[in-house]
Structure formats: structure tokens, C-alpha cells
Amino acid sequence: GAGVSQSPRYKVAKRGQDVALRCDPISGHVSLFWYQQALGQGPEFLTYFQNEAQLDKSGLPSDRFFAERPEGSVSTLKIQRTQQEDSAVYLCASSSETGLATEAFFGQGTRLTVV
Amino acid sequence: KQEVTQIPAALSVPEGENLVLNCSFTDSAIYNLQWFRQDPGKGLTSLLLIQSSQREQTSGRLNASLDKSSGRSTLYIAASQPGDSATYLCAVADMGRRALTFGSGTRLQVQP
């Protein structure tokens, strides 16, 4: 596609509910990143994939957070037993190269509200 | 651990003014630095990317400079317009790590 696509755009979850957020990167992009952005803050890194391999998950805040990219294209970020502090915008980004860091392209984000 | 700071946190200027946004980072071992724009409720739009070997990049009314040794970057916006109103984010890509480290942003309002 023309850009990074994320769905849903908005998600309201009851505390304790599981959610799944989808990211469709730019076609052919090898690298895929997930970030979490709290209100009024810059995005914070969650995890990074190179094709289907999850090479860095150091930013995942707890074991309730899980990400996958089984075929090296679409990725899903899953949050189990959601809590109020999980409320944030979740941003997905992709880039074309695996060598020196190159330009990252971001999706519109999914705004998660846990009530 | 890399830390990125942006000053000021918010800025309001009349239309037509030239302005400078500042970004500083604590670890100078970076691959590149990227400036983004974020409109309310939207994702990030890449404005300029400066590789570590470069000193500046220009795109239209925007000019970004990088002084890696001192850990500083500036984004210069010439002849500001109301359409420039947005949050501007600075992010660095550290050596040996793919992820970007972001500042908290500068919220810019250009008044007509």
C-alpha cells in the first residue's frame, strides 16, 4: 500500500479485556517497529522486527504485551488483561533497510482507551 | 541510556516569523537524527532526516542542523504559516540499535 496502515483507529476496552492491534507496513519494508505514545509525550519504543524475526523486545512494559509478525509483513500487537495505564496511542512504523538506520514511516496509530 | 530533550515545550508566534526549535541528546554515538511533525490525533510525518556524517538538511522552508559532538540539533522554520501549527518531534537512532529515541516535542502554534 501507499503508507503504513493501522487498525482499528480507536479501541475502547474494559479493564481486563484482551486487545489486538494490527499494523500493515509499506509493501517490501523489512523493518517494523511498535511504539507507545502517552498523552503529551513522545513515542517510546516497544519492539522491533526484521522480517518475521523479533530482534528487540526490550521496550515491552510487561509480559502482558506480545507482538508477532509471522509472515514478515502484517504485524499484530496483543495486550492481555488490559489495565488503565495501557491507555495510549500505539504507533507502528516501517523502514526499508536493515543496515544503517534509515527513514522511518509511521502509521496513524491506534488510540486505546481502557475503562 | 540515550535521552532526548526538546526546548521549548510550547511556542506561540505570529504568522510570518522565523523560528528555531531545539533538540539535545546525551549520547553522540548516533546513526541519524530525524525531525517529525504530528498533528492532533494523527501519526507522525517525517520532515527531515540527517545522517550522522551530515551537518544539515533543507526542505522548502525547513532547515535542520546537526552538531553531533555537542549533542544538538535545531529545526529552523522560515516565514511561519498557520498551517505549520503542530507538534514537532526530534528522534535519534543510536549506533547498534534500530529503535528511535524521541523527545517530548515542541507544540507550535502560529497565529494568523
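Only heavy atoms go into these numbers, but all of them, side chains included; no hydrogens, no water, no symmetry mates.
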Query raised in the report: Would B/D67 and B/S69 count as having a side-chain donor-acceptor pair, cut-off 3.5 Å?
Result: yes
Query - Gap between atom CD1 of B/I7 and atom OG of B/S104 - 0.5 Å precision - result: 11.0 Å
Query - Segment of A/A93 engaging chain B (4.5 angstrom heavy-atom cut-off) - result: neither
Report task. Any chance you could measure A/S5, atom OG, to A/R22, atom CZ, to the nearest 0.5 Å? Result -> 7.5 Å
Query raised in the report: Within a strict 4.5 Å, meaning less than it, do heavy atoms of the B/E17 and B/S80 side chains meet?
Result: yes
Query raised in the report: B/V4: which other cluster members, linking ILVMFWY side chains closer than 4.5 Å, directly or transitively?
Result: B/L11, B/V13, B/L19, B/L21, B/F25, B/I30, B/L33, B/W35, B/L47, B/L48, B/I50, B/L62, B/L66, B/L75, B/I77, B/Y88, B/V92, B/L108, B/V110
Query raised in the report: Hey, does A/S95 have a side-chain heavy atom less than 4.5 Å from the side chain of A/F33?
Result: yes
Query raised in the report: In terms of heavy-atom contacts, does CD of B/E3 have more than 12 from other residues, nucleotides or ligands at under 6.0 Å?
Result: no
Query raised in the report: Who among B/T101, B/L100, B/L89 has the most heavy-atom pairs with chain A under 4.5 Å?
Result: B/L100
Report task. Can you measure from CE (B/M95) to CD (B/Q2) and round to the nearest 0.5 angstrom? Result -> 11.5 Å
**Report entry** Inter-chain contacts: residues 54-81 of chain A against chain B, heavy atoms under 4.5 Å
**Finding:** A/D56, A/S58
Report summary line: Among residues 105-115 of chain A, those lying within the under-4.5 Å heavy-atom range of chain B are A/F106, A/G107, A/Q108, A/R111
Query raised in the report: Contact part of A/Q37 toward chain B, heavy-atom cut-off under 4.5 Å: side chain, backbone, both or neither?
Result: side chain
Query - Pairwise distance OG(A/S7) to CG(A/L21) - rounded to 0.5 angstrom - result: 8.5 Å
Query raised in the report: Among B/Q34, B/Q38, B/R107, which residue forms the greatest number of heavy-atom pairs with chain A at distances under 4.5 Å?
Result: B/Q34
Requested in this report: For B/T87, enumerate each residue passing the side chain to side chain donor-acceptor pair (under 3.5 Å) test, keeping only those at least two apart in sequence or located in another chain.
Outcome: none
Query raised in the report: Just checking, any donor-acceptor pair under 3.5 angstrom between side chains of B/Q57 and B/Q54?
Result: yes
